[in-house]
J.: 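Got a structure for you, written out below as structure tokens; questions coming shortly.
Reckoned from all heavy atoms, side chains included, excluding hydrogens, waters and symmetry mates. Positions are given from 1, in the same order as the sequence printed here. In each ligand, atom 1 is the first atom listed, and ligand 1 is the first ligand listed.
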Amino acid sequence: MKDAKTLWKACVSRALEALAREKGIPAEALSALPPAVEVPPKPELGDLGFPMFPYAKVLRAAPAQIAQAVAAALVGDPEAAGLGTVRTEGPYLNVFLDRPAVVRDVLEALGRDPDGYGRNESLAGRKIMVEFSSPNTNKPLHLGHLRNDALGESVSRILAANGAEVFKIDLINDRGVHICKSMLAYMAYGNGRTPESEGVKSDHFVGDYYVRFNDLKKEDPAAEEKAQALLVKWEAGDPDTLALWKTMNGWAEGGIRQTYERTGISFDKYYHESRIYVTGKDEVLRGLESGVFFKAEDGSVRVDLSDIGLETKVLLRKDGTSIYMTQDIGLAIERHKDWPFDQLIYVVASEQQYHFKVLFHILAKLGYPWAANLYHLSYGLVNLPEGRMKTREGTVVDADTLLDSLRELAVEEIASKGREDAVGDISETAEKIALGAVHFYLLQATPSKDMIFNPKESLSFNGATGPYIQYMGARISSMLRKHDSGEGNARGGTVRPELLAGDAEWALIRRIAEYPEAVAQAARDFDPSAVATCLYDLASAFSRFYHDNPVLTAPDKDTAASRLALAAAARTVLRNGLSLVCIPFLETM
Ligand code: ARG
């Protein structure tokens, strides 16, 4: 089903071209000016509005005149006539859609394939790899990871909903001096303790020792050097060092994976830095031979970046050791061999913009054709209302603790509404509400922007929140259950689109009809906020509709059945859409 906007754009475009021909102006003059469609500020003005200002110059007429000429042409266009009516409003051409026809189309499309509603095949045949999360194994995931994870998982699901074949990968940064610091602290204070013996989640257990490295530094001024020395030992394959490293990384990664499971994210493959950090070295040496890189006076291998206006960048230190960039060069090449992607998306914080700009440039210089299709999905910082998160000041919020406290708040909210009996397993429901709260809040923001996460606000059952949308889904579900158990007037009624042509119903239908375009838009921009916003608008349109229009208790059977069909359609879109933004759908709330 083509959406109304697309169909009308084509009609308006045809009318404009006809007008140009009439005036002896070549139609190509319009090719850079495709019709822009807007939503009129007031519903009385119509459903779609086309401003005619852009055509004044080319068509040598006043915008209002053009609007009238186009309107006249459209009256005689049989395709347009089947789609609604047009009216001019000064320089605007406004369209009033044929409401019952749209209602019928939307309900039909939903009925044919409810699960597929909103999906499209525009990316069919494209292999897209998405790297996200990429934690370090010295501490648990924090609030920033929750944003990263939500973005990565949601963008992956959205791309798949647009037909792409998606492969999700995680890079575990399990090597380096930060890992050695938690190991050193454990060697000093651990005394054989384990996460089990202490009853602490295993990644938090490791993170606690990373924090305790600060104590060690106070006691031992050589602690930093010792951490470096431990890294050298690790690289040399010292058995004791490797054994402790394995144990502690197992704890860290195990705990991190539990958090993934808790938040509903998953990966097709894990890459470990410890296994791949050497592979980039060979690539760099080959590049040195072929003249893509050069040897600097100090003996380091560098790349000249003057063509993108940057200073030279070291790729191998003079002692031959590799750096972060070296590793990412090798990693990208290895990944393309593993799974020959058409595109690779890195979901990584905006702090690393320079890194990815340079990385993509180097891979292009090395001659990899796919380098043109690498994309850094850069996202901004997340802070709490109390201010910036800092590890040393203890203001870093780890993901588990945050989710726990959101769940507690949700339990209170359920209790305060007296819904304990209705929701069944209260702690399970509260956990899903907590996830809905955090994921919606993080995803409704534009990825590139820094943001403040306000836990209380995210959980509010009123306003643009995840729980509000979940609540609307649950209300409709409860209505459908009542109908199924024999309550209400809808049984035996006939769904009649003309009974759904009122303004409140129409507003809701419009949202449902817009949803597929939101899914397409989100994929084009790698930005789930288009879907999040659409779902909120849909939920509030449902709320307004339901406020004035009883469904099961509508006076006659056909009205009840028609409204119920509309409510069920809204529910299907909420269910499909919530899964794209990683929010659990709730049957009761
Ligand atoms: N773990 C890294 C960090 O904490 C991010 C890794 C990003 N991915 C990559 N391929 N470089 O900064």
J.: Is Q352 in polar range of ligand 1, meaning some N or O pair under 3.5 Å apart?
T.: yes
J.: Using a strict 4.0 Å cut-off to heavy atoms of Y346, name the atoms of ligand 1 that fall inside it.
T.: 10 (N)
J.: Just checking, is any N or O donor in the side chain of T259 or D400 under 3.5 Å from an acceptor N or O on the other one?
T.: yes
J.: Where is the nearest protein heavy atom to atom 6 (C) of ligand 1: which residue, which atom, and how far?
T.: Y324 OH, 3.5 Å
J.: Between F356 and ligand 1, which part of the residue brings a heavy atom under 4.0 Å of the ligand: side chain, backbone, both or neither?
T.: side chain
J.: Mark up the atoms of ligand 1 that fall under 4.0 Å of a heavy atom belonging to L171, in ascending order.
T.: 8 (N), 9 (C), 10 (N)
J.: Please determine whether salt bridge (Lys or Arg N to Asp or Glu O under 4.0 Å) holds for the pair E517 and R524, giving the CA-CA distance in whole Å, both sets of side-chain angles, and the decisive distance to 0.1 Å.
T.: CA-CA 10 Å; E517 175 51 26; R524 283 194 293 273; 2.7 Å; yes
J.: Give the atom numbers and elements of ligand 1 that come within less than 4.0 Å of a heavy atom of N136.
T.: 1 (N), 4 (O)
J.: Go through D338 and K269 one step at a time and tell me if the salt bridge (Lys or Arg N to Asp or Glu O under 4.0 Å) criterion holds.
T.: CA-CA 10 Å; D338 288 349; K269 186 171 170 131; 3.6 Å; yes
J.: Hey, does Y186 have a side-chain heavy atom less than 4.5 Å from the side chain of W251?
T.: yes
J.: Can you measure from CD (E165) to CZ (R126) and round to the nearest 0.5 angstrom?
T.: 12.0 Å
J.: Mark up the atoms of ligand 1 that fall under 4.0 Å of a heavy atom belonging to V348, in ascending order.
T.: 7 (C), 8 (N)
J.: Judged on heavy-atom distance to atom 2 (C) of ligand 1, which of N173, D328, L331, N148 sits nearest?
T.: N173
J.: Do D398 and D203 make a side-chain contact, defined as non-hydrogen atoms from C-beta onward lying under 4.5 Å apart?
T.: no
J.: Could you find the nearest protein heavy atom to atom 8 (N) of ligand 1 and give me its residue, atom name and distance?
T.: E131 OE2, 2.9 Å
J.: Is it true that K337 and E334 make a salt bridge, defined as a side-chain N closer than 4.0 Å to a carboxylate O?
T.: no
